[in-house]
Asks: 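Structure provided below as structure tokens; questions to follow.
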Amino acid sequence: MASLRRENPVAVFDSGVGGISVLRTLRKILPQENYIYFGDSANAPYGEKNVDEVRIIASEAARRLIEYGAKAIVIACNTATSAAAVFLRQAYPDVPIIGMEPAVKPASTVCESPTVLVMATPLTLREKKFRSLIDRCGGKAEFIDVPCHGLVEMVERGITSGVEMEALLHSILDGYLFERKVDAAVLGCTHYIHARKSICSVLGKEVRVFDGALGTACEVKRRLREADLLNNTKDNALGSVEIYNSAKDHDKMLDLSYRLLGLEE
Ligand code: DGL
């Protein structure tokens with residue numbers, strides 16, 4: 001492996017455009033870094049696959065990003081983090097590898113004993129990593145798993161708001177909302193962050209909504225600083241962003257990625 005240098009890119013990857021939500025936050029927290037983003041839309045959704053499949057796919061993505069010279073890897077996907085983070089850290093012990101964690105802890109403190117919906121992919125909700133997070137950080141909260149079938153696919157189609165999105169969200173959430181008073185919701189999948197406004201409107205004003213993007217970006221900063229890899233050599237100049245996508249309709253996915261990032265290609 002080539003030696004890691006401060007100007008080398010921070011690699012961010014996800015099953016598709018979801019991790020763009022994390023890249024957006026990373027660019028606010030660490031604007032001077034150079035970024036390379038890989039969206040594996042050809043294999044989305046990861047959340048409907050089994051652990052071994054996701055581990056193999058994520059390993060291949062990490063191998064390529066490291067070959068490309070990534071100085072750190074951000075797994076901007078809760079599902080791939082659950083399935084593959086431990087495995088990747090063993091395979092590449094010299095590269096900081098930072099994963100996502102559903103924002104269960106802040107959600108558990110919104111009131112004395114809150115009811116919290118955890119919206120995530122079926123694979124994330126099944127995994128040991130998530131169950132032990134709930135045991136560790138749950139406190140007096142009651143957590144309710146909400147597998148959101150179809151939501152990743154809709155965001156991959158570029159739909160993050162509007163009638164179609166709200167209809168899907170009502171079909172997923174209404175049953176939970178009618179049954180009980182909900183205090184908080186956790187967006188445990190990076191794709192859902194793009195639909196945050198619609199999710200908030202369907203959940204209603206009373207429900208506080210949390211995601212893990214800022215926590216992850218702050219952890220990336222901490223890990224780069226610890227490894228003396230922060231790109232602080234260029235007088236605070238804005239770093240570059242390169243985006244790749246594995247989809248057949250590659251150009252369409254790149255357009256969508258830059259749009260979600262808030263940049264023109
Ligand atoms: N963005 C991924 C996550 O955070 C979506 C997984 C999928 O492709 O199902 O879990």
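Worth knowing before you read on, the calculation uses all heavy atoms, side chains too, and leaves out hydrogens, waters and symmetry mates. Atoms within a ligand are numbered from 1 in the order they appear, just like the ligands themselves.
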Asks: Is the contact between Ser15 and ligand 1 made by the side chain, the backbone, both, or neither, using heavy atoms and a 4.0 Å cut-off?
Replies: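 The part of Ser15 near ligand 1 is the side chain, not the backbone.
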Asks: Taking the minimum heavy-atom distance to atom 2 (C) of ligand 1, which of Pro102, Ser82, Cys77, Gly18 ranks first?
Replies: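 Looking at heavy atoms only, Cys77 sits closest to atom 2 (C) of ligand 1.
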Asks: So do Leu30 and Leu230 actually touch side chain to side chain, heavy atoms under 4.5 Å?
Replies: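 Yes, side chains in contact.
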Asks: Only heavy atoms of Cys189, strictly under 4.0 Å: list the atoms of ligand 1 that pass.
Replies: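 Checking each atom against Cys189, I get 1 (N), 2 (C), 3 (C), 4 (O), 5 (C), 10 (O).
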Asks: Can you confirm whether the side chains of Ser41 and Glu156 place a donor and an acceptor under 3.5 Å from each other?
Replies: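 Side-chain D/A pair, Ser41 to Glu156: present.
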Asks: Ignoring hydrogens and angles, state whether a donor on the side chain of Asn245 or Tyr37 is under 3.5 Å from an acceptor on the partner side chain.
Replies: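 No, no side-chain donor-acceptor contact under 3.5 Å.
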Asks: For atom 1 (N) of ligand 1, which candidate among Val155, Thr190, Ile75, Leu187 provides the closest heavy atom?
Replies: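 Nearest option to atom 1 (N) of ligand 1, by heavy atoms: Thr190.
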Asks: For atom 10 (O) of ligand 1, what is the nearest protein heavy atom, given as residue, atom name and distance?
Replies: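 Here the nearest protein heavy atom works out to Thr79 OG1, 2.6 Å.
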Asks: Please determine if Gly47 has a nitrogen or oxygen closer than 3.5 Å to a nitrogen or oxygen of ligand 1.
Replies: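 There is such a contact, yes.
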Asks: May I ask you to say whether Arg63 pairs ionically with Glu60, meaning some side-chain N is under 4.0 Å from a carboxylate O?
Replies: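 Salt bridge between Arg63 and Glu60, a charged N being under 4.0 Å from a carboxylate O: yes.
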Asks: Give me the residue, atom name and distance of the protein heavy atom closest to atom 7 (C) of ligand 1.
Replies: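 For atom 7 (C) of ligand 1, the nearest protein heavy atom comes out as Tyr46 N, 3.1 Å.
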Asks: Is the shortest side-chain N to carboxylate O distance from Glu153 to Arg157 below 4.0 Å?
Replies: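 Not counted as a salt bridge, because no side-chain N and carboxylate O are separated by less than 4.0 Å.
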Asks: Considering the heavy atoms of Thr121, write down every atom of ligand 1 situated less than 4.0 Å from one of them.
Replies: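 What qualifies from ligand 1 is 6 (C), 9 (O), 10 (O).
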Asks: Using a 4.0 Å heavy-atom cut-off, which part of Asp14 comes near ligand 1: side chain, backbone, both, or neither?
Replies: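 Side chain only.
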Asks: Is there a side-chain contact between Ile73 and Ile66, using heavy atoms and a 4.5 Å cut-off?
Replies: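 A side-chain contact under 4.5 Å exists here.
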Asks: Determine whether the side chains of His149 and Glu48 contain a donor N or O and an acceptor N or O closer than 3.5 Å.
Replies: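 Checked: His149/Glu48 side chains pair up, N/O donor to acceptor below 3.5 Å.
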